[in-house]
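Counting convention: from 1, in listed order, for ligands and their atoms alike.
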Amino acid sequence: MREIFPGIYKWRNKLWTKNLVPGQQVYGERLATFNDIEYREWNPFRSKLAAAIVKKLKHLPLRAGSRVLYLGIAEGTTASHISDIIGKEGVIFGVDISEKCLAKLLQICEARKNIIPVLADANKPESYEAYVKEIKPQILYQDVSQKNQAEIFNKNARLFLKKGAYGLLALKAPSISSTKKPSRVFRKEEKKLLEEFEIIEKIPLSPFEKKHRFYLLRKR
Ligand SMILES: C[S@@+](CC[C@H](N)C(=O)[O-])C[C@H]1O[C@@H](n2cnc3c(N)ncnc32)[C@H](O)[C@@H]1O
């Protein structure tokens with residue numbers, strides 16, 4: 001196991017994180033033990049953050065103790081690996097609009113105390129403002145399949161991120177426009193993101209996800 005980012009390891013050309021809850025899988029991933037430490041395989045076909053790492057993301061601001069606001073946490077596949085990385089001192093405030101997803105996520109949260117699940121619309125950050133302001137997130141992570149993905153991201157960043165804080169964003173072109181060329185869609189969305197952020201890195205996610213780009217951004 002070779003550590004490639006804080007808390008993220010490579011072994012046999014696969015990504016792994018140290019399992020915060022030894023013995024428990026989240027989505028049927030493989031487990032492996034080295035020197036009495038259990039690791040979970042992180043599948044880039046199931047997680048856009050893992051795909052971005054495999055596609056050579058150069059910088060990743062996540063580390064032990066990080067505080068993350070996660071929009072579109074769904075059933076917690078990616079969030080469970082972030083939960084491994086940030087450890088017991090860190091926290092994820094995870095927002096999703098789907099009751100069905102949240103019900104599944106709640107099962108994971110029973111063992112992973114560093115995830116706070118919240119049923120809410122990321123378009124309305126005022127509805128969770130008071131809780132998030134207490135957590136003071138250092139990183140905004142977003143993966144929501146909505147037409148106004150960039151607006152949602154900017155709105156949340158304006159409310160919750162300090163200057164210099166980081167954003168991690170997965171953009172899905174077909175959710176924004178199913179007729180325009182993805183490159184045009186991304187160009188237009190990037191213009192909006194530049195109102196609030198500097199773009200540090202942008203990574204196409206194929207072959208793991210088609211017509212998706214992953215961004216590392218820094219708040220202006
Ligand atoms: C592609 S899935 C996220 C997968 C997850 N990030 C992962 O990697 O494990 C997109 C999620 O966004 C959620 N979503 C869509 N619109 C939303 C909104 N307005 N507010 C909050 N969540 C939303 C959906 O319910 C869905 O769970």
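Between Y39 and W11, the distance separating the two ring centers is not shorter than 6.0 angstrom. Aromatic rings from F186 and H212 are positioned such that their centres are separated by 6.0 Å or more. A ring-centre distance under 6.0 Å is not found for F197 and Y215.
Heavy atoms of Y70 come nearer than 4.0 angstrom to ligand 1 in at least one pair. Using a non-hydrogen distance threshold of 4.0 Å, L71 does not register as a contact of ligand 1.
Annotation: the span from Y70 atom OH to S83 atom OG amounts to 12.0 Å, rounded to 0.5 Å. Atom NZ of K133 is separated from atom CG of L69 by 12.0 Å, given to the nearest 0.5 angstrom.
The closest heavy-atom contact to atom 11 (C) of ligand 1, among the options T77, D96, V26, comes from D96. Between the choices D143, I82, I97, the shortest heavy-atom distance to atom 2 (S) of ligand 1 belongs to D143.
In terms of polar-atom proximity, V144 is not counted as a contact of ligand 1, lacking any N or O under 3.5 Å from an N or O of the ligand. Considering backbone and side-chain atoms together, Y141 places no N or O closer than 3.5 Å to any N or O of ligand 1. Taking only nitrogen or oxygen atoms, main chain and side chain alike, S47 does not reach within less than 3.5 Å of ligand 1. The N/O atoms of T78, backbone and side chain alike, include one that comes under 3.5 Å of an N/O atom in ligand 1. Taking distance alone, with nitrogen or oxygen atoms compared against 3.5 Å, G72 approaches ligand 1 more closely than that limit.
Counting protein heavy atoms only, atom 1 (C) of ligand 1 is closest to K48 NZ, 3.4 Å. From the protein, the heavy atom lying nearest to atom 19 (N) of ligand 1 is D121 OD1, 2.8 Å.
Of the heavy atoms in C101, only side-chain atoms (C-beta onward) come closer than 4.0 Å to ligand 1. Looking at E75 against ligand 1, nothing comes within 4.0 Å, counting heavy atoms. Contact annotation for A120 and ligand 1: only backbone heavy atoms (N, CA, C, O) come within less than 4.0 Å of the ligand.
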Self-check item: Residue pair S175, Q146: steps toward the side chain to side chain contact (heavy atoms under 4.5 Å, CB included) verdict
Solution: CA-CA 6 Å; S175 300; Q146 288 285 345; over 6 Å; no

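Between the side chain of K147 and the backbone N or O of I176, at least one donor-acceptor pair lies under 3.5 Å. Judged by distance alone, with hydrogens and angles left aside, the side-chain atoms of Q142 form a donor-acceptor pair with the main-chain N or O of Q149 at under 3.5 Å. Under the 3.5 Å distance criterion, the side-chain polar atoms of Q24 are left unmatched by any main-chain donor or acceptor of V21.
Checked against L105 for a side-chain contact (heavy atoms from CB on, under 4.5 Å), the options L119, V26, I73 give a single hit: I73.
Residue-ligand proximity, A122 to ligand 1, at heavy-atom distances under 4.0 Å covers atoms 18 (C), 19 (N), 20 (N), 21 (C). In summary, the atoms of ligand 1 found under 4.0 Å from a heavy atom of Q146, numbered by their order in the structure, are 15 (C), 16 (N), 17 (C), 19 (N).
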